[in-house]
Amino acid sequence: MLNPTFNQPAISLQQLSVIIDASEDAIVTKAPDGTFLSWNNAAEKILGYTAEEMIGTSDNIIIPEIFQDVEDRIIERVGAGETITGNEIVRRHKNGSLVTLKRTLIPITDDAGQVKSVMMIARDITLQKDLERKQLIQSAIIDSSDDAIISKSTKGIITSWNQGATRIFGYTEDEVVGKSITILIPEERLDEENHIIGKILKGERVDHFETIRLTKDGQELNVSLTISPLKNEQGEIIGASKIARDITRQIKSAAQLQRYAENLETLNSIGKSIAEDMDVEAILQKVTDATTQLSGAAFGAFFYNVVNETGEAYTLYTLSGAPRSAFENFGMPRNTDVFRPTFTGQGIIRVDDITKDPRYGHNAPHHGMPKGHLPVVSYLAIPVISKTGEVIGGLFYGHPKPGMFTKEHEDLISALSSLAATALDNAQLYREVQTLNERKDEFIGLASHELKTPVTSINGYLQIIESRLEADSVTRSFAQKARNQINRLSGLITELLDVSKIQSGQLPLNYTKFDLVELAKEVTELMQHSNGNHQIICDCEHPILEVNADRERVEQVIINLISNAIKYSAPKTQVIISMHHTDTWATLSVQDFGIGIDQEQQKHIFSRFYRAQNVAQHISGLGIGLYICKEIVGRHKGRLWVKSTPGEGSTFIFELPLEGVQD
Ligand code: ADP
């Protein structure tokens, strides 16, 4: 440059060379063939090569290969006389690392205007570029984050706001930057902010703090906040960065999961409890209570489907959440468009607002709910249909607010209503069986009573006939046989009468003190007398065994057990009766070596009318002897049981309290 005043160069070449060497920017010149002509100190600092190494050397040692073409084109432009500024390039340092430079290229011409060389002034912008890149990445991350990332000052003023924050809270960046963070905090939670700022000022972090924040349109969100202090270069706390994650869905699904689990449990326990119940009213009450609670209904009711000719008579059976009078005052549901689909089993009706339903309010006299009726807006009605397809009734739920019942409630109650229908079917069957049973018992009682009288008088007449016949007459032996049969018949009738007495709880016991050994011996003798083919052995280690019990009934038990032992032991002939005692109990057992009873049948032989399959066909009996024995022993607070092995024999054992225990 010339000084216009003095027509002198403004600085000398020497000064220029000092400036060039002192410059922080690399200043180099390059011949058109790409070899370096000059290389200053800064160039050495930036690229690691000394002037000696570079002058006369080709530029390709510092140009990464992929940039060589670009470089050639640029040099071509400068060769044509163009000055290029702000050209960003990447070069390779001597140590192999890459360096980003921003350079200006100036053509150097000779007097004839011919470009002789290219001067390049380059500044190292590697650090700046790295920083920019990092910032770009960071802001890309922040912007693409699903979480809200917000920064605020120590006074709680919002200083930055990412797109995630806009998505979650609804405010744009412009709307909130500069405003207080409290716009996001519900009033009752404002204290939280003081607590958070307090921690931040102490340099502490708040991790995964679950709370509620507000969106722009006032909706409440469940959020999880992580807040960390923001520091300046001096390490002073200048604010806080806050990451807010919307966990509303998570919380909702966790709550839903919890609800599902609870519902399942309720279903399970209700299902079990109603299946075990045979009382219709109890079943219906349980179902109504549980479903009213599960659906969150204000009240629930079960109406029986008892319809008269006009289709108007539904009977209220169970109610939950309201007094009976709340319904009874207004009569039962009527055969209207709203109720009919339920009682005819057409399906479930769930309406968010029944008062706006087209089926509602068309019937006189009330045209809707009668005055004073429990307010029903949300309405849910589910038919209860039996296995045979009969509509047993309907479950109805109401709530004074709209939209309270969901598909989930509907499904849950449907599941319970089918369980209830099955339970009701079972209860009905049970009731029928019970009634039949009662009738049968009545019949047995009546029939045996009626039979007893003629049998007794036949017996009397036979005795008279027998006494009038000659001692050796054949007819007399027939009369005797007839009397034996009559005695057997009378025994059977007595047993049947006993069953009837047991059933009606009228089997009185007449306690006396007697010697069980003596009784057993007496019975053995008697039985031995009429069963000559058998050998009945009474084996007792004690001469006397005094018990306090009903002698006649105990005798009946022993006779019964010995009779069975005889009846079920052919062709074996031995029966052993043994007795022993402890301080409090007397035990008597009757052992035979006959057909025995398998484990499965042993469980049933003490039940009324039960006979083991292997005997039912060919050995006569009614299957009530052991039932009566068990009842008699049980009434004495004693125990009767059996030990048996099929094919080897059976031992029936009973024990009685020595002192006798009376009810
Ligand atoms: P019943 O003898 O009239 O059938 P019980 O009530 O006395 O009625 O006996 C019930 C069933 O128990 C009998 O049908 C038989 O199958 C079985 N049982 C009873 N005693 C014996 C026994 N000593 N050995 C094998 N089975 C027996």
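Whatever order the structure lists them in is the order used to number ligands and atoms, beginning at 1. What you are looking at is a predicted structure, and each value in this text was computed from that prediction instead of being measured.
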query = Numbering the atoms of ligand 1 from 1, which are under 4.0 Å from a heavy atom of I624?
reply = 6 (O), 8 (O)

inquiry  = Applying the side chain to side chain contact (heavy atoms under 4.5 Å, CB included) criterion to H399, which one of F405, F299, Y379 satisfies it?
reply    = F405

ask   = Under 6.0 Å from the NZ atom of K440, do we count more than 12 heavy atoms belonging to anything else shown?
value = yes

inquiry  = Can you tell me which portion of K567 lies within the under-4.0 Å heavy-atom range of ligand 1? Options are side chain, backbone, both, or neither.
reply    = side chain

inquiry  = Below 3.5 Å, N or O to N or O, backbone or side chain included: is there any such pair between Y610 and ligand 1?
reply    = no

query = Heavy-atom distance to atom 9 (O) of ligand 1: which of L626, L492, I595 wins?
reply = L626

note = For I605, the ligand 1 atoms with a heavy-atom partner under 4.0 Å come out as 10 (C), 11 (C), 12 (O), 17 (C)

request  = Consider every N or O of G596 and every N or O of ligand 1, then say whether any pair is closer than 3.5 Å.
outcome  = no

task = Look only at interatomic distance and state if R611 has a nitrogen or oxygen under 3.5 Å from any nitrogen or oxygen of ligand 1.
result = yes

ask   = Would you find a donor on one side and an acceptor on the other, under 3.5 Å apart, between the side chain of Q528 and the backbone of H534?
value = yes

task = Report the part of D592 (side chain from C-beta onward, or backbone N, CA, C, O) that has a heavy atom under 4.0 Å from ligand 1; answer both or neither where that applies.
result = side chain

request  = Quick one: list whatever passes side chain to side chain donor-acceptor pair (under 3.5 Å) with Y627, sequence neighbours left out.
outcome  = Q503

inquiry  = Strictly distance-based, threshold 3.5 Å: is any side-chain N or O of D592 a donor or acceptor partner for the main-chain N or O of G649?
reply    = no

query = Nearest to atom 19 (C) of ligand 1 by heavy atom, N564, V575, T651: which?
reply = N564

message = Only heavy atoms of G623, strictly under 4.0 Å: list the atoms of ligand 1 that pass.
response = 1 (P), 3 (O), 4 (O), 6 (O), 8 (O)

ask   = Would you say H636's side chain and D550's backbone share a donor-acceptor pair under 3.5 angstrom?
value = yes

ask   = A612 to ligand 1: N or O pair under 3.5 Å?
value = yes

The one among Y568, F593, F606, F609 that brings a heavy atom closest to atom 15 (C) of ligand 1 = Y568

note = Short version for F652: what comes under 4.0 Å of ligand 1, heavy atoms counted, is side chain

task = Answer with yes or no whether the side chains of E552 and Q556 bring together a donor and an acceptor at under 3.5 Å.
result = no

ask   = Between K630 and F606, is NZ or CZ placed under 6.0 angstrom from the six-membered ring centre and within 45° of the ring axis?
value = yes

ask   = Under 3.5 Å, N or O to N or O, is Y627 touching ligand 1 that way?
value = no

task = Would you check whether G621 has a nitrogen or oxygen atom less than 3.5 angstrom from a nitrogen or oxygen atom of ligand 1?
result = no

message = Can you name the atoms of ligand 1, numbered from 1 with element, that are less than 4.0 Å from a heavy atom of I597?
response = 25 (C), 26 (N), 27 (C)

ask   = When F396 is tested against each of F303, Y317, Y304, F302 for ring pair (Phe, Tyr, Trp, His ring centres under 6.0 Å), which residue passes?
value = F303

query = Given T651 and S589, is the side-chain hydrogen bond (donor to acceptor under 3.5 Å, both in side chains) satisfied, shown in steps?
reply = CA-CA 6 Å; T651 306; S589 60; over 6 Å; no

